[in-house]
Amino acid sequence: MYGAIEAGGTKMVVAAGDENGNILKTARIPTGTPSETIPKILEFFEGQDIEAIGIGAFGPVCLDKDSADYGRIGKSPKLPWVGFSWKEAFSGTGITVAVDTDVNAACLGEVMYGSGKGLSDVIYITIGTGIGVGVYCSGELLHGMLHPEAGHILLPVREGDDTKGSCPYHKNCFEGLASGPAIKIRYGKEAFELLEREEVWELEADYISKALMQYICCYSPKRIILGGGVMNVEKLFPMIREKTSGYLNGYLDTAELKNMDNYIVPALCNGDQGIKGALFLAKNITGGQS
Ligand code: ZN
């Protein structure tokens with residue numbers, strides 16, 4: 001059995017599952033402070049025959065396995081968690097932990113069990129409360145210096161869009177312009193209350209496509225998978241495919257880009273991509289990967 005944690009700002013999803021990504025037992029624990037939350041997580045895993053636990057965590061988080069800070073949360077806006085270490089939290093249990101970002105875990109879940117199956121180069125983008133990008137490159141999750149934070153690339157602001165943006169760090173980053181909170185700041189309403197207003201989704205698709213054009217040029221993914229609450233608005237997909245092609249403007253000539261319906265796709269794991277990816281991280285660290 002393997003354990004998995006999908007650590008989010010409002011809740012922690014915990015699960016026990018098998019080597020094939022099947023979830024056998026799961027629970028949701030509200031995210032409070034570490035001292036409130038961690039005992040409940042430990043209790044969930046207690047008495048189960050868990051070999052290793054994979055954790056998809058909000059960041060920034062240290063992912064350098066050789067560092068003493070592996071699994072430690074950095075300057076997160078979730079202040080009680082700054083300096084918290086996932087590795088230390090489980091040190092008394094004898095269970096090995098494998099940590100990655102929440103979006104990298106979700107990306108891995110989709111690569112192993114969803115829309116990215118069989119592909120060596122995939123990016124997974126979640127567009128919801130925030131925007132995060134998981135990058136699977138040449139058959140491995142990309143970390144680099146820390147991990148990609150590609151939700152914070154700067155985008156040209158559409159003329160006439162005078163919104164102040166939702167990101168406290170950047171005036172016009174992708175997350176600041178196109179996350180759920182950004183939509184709320186711009187229109188004063190939640191996304192689900194704006195479904196009939198075409199101009200809302202035209203602008204949203206435009207910002208998303210500007211970002212995708214840059215990811216295609218930088219990461220050269222063989223498929224782009226879009227998930228998160230905002231992407232439940234299905235009519236965004238055809239608009240994004242068309243606009244992304246428009247921004248590429250014929251510059252790249254690949255078989256993948258000739259079939260945009262198969263290139264920019266929704267996630268397939270029904271919201272379980274993060275937890276399934278975390279299970280795979282656990283299996284991977286024990287050498288269970290084939
Ligand atoms: Zn930003």
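Atoms within a ligand are numbered from 1 in the order they appear, just like the ligands themselves.
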(message) Using a 3.5 Å distance criterion without hydrogens, assess whether the side chain of K40 forms a donor-acceptor pair with backbone atoms of P30.
(response) no
(request) Scan residues 118-130 for pairs that pass side-chain hydrogen bond (donor to acceptor under 3.5 Å, both in side chains), counting only residues two or more places apart or in two chains. (result) S120-K222, Y124-Q273
(message) If the threshold is 4.0 Å, N to carboxylate O, is there a salt bridge linking E51 and K283?
(response) no
(message) With a 3.5 Å distance limit and no angle check, can you tell me whether R223 reaches the backbone of V265 through a side-chain donor-acceptor pair?
(response) no
(message) With a sphere of 6.0 Å drawn around CD of E242, does it hold more than 12 non-hydrogen atoms of other residues, nucleotides or ligands?
(response) no
(request) Keeping the roles fixed (side chain from E175, backbone from G130), state whether a donor-acceptor pair exists under 3.5 Å. (result) no
(message) Closer than 2.8 Å to the Zn ion (ligand 1), what protein N/O/S atoms do you find?
(response) H152 ND1, C167 SG, H170 ND1, C173 SG
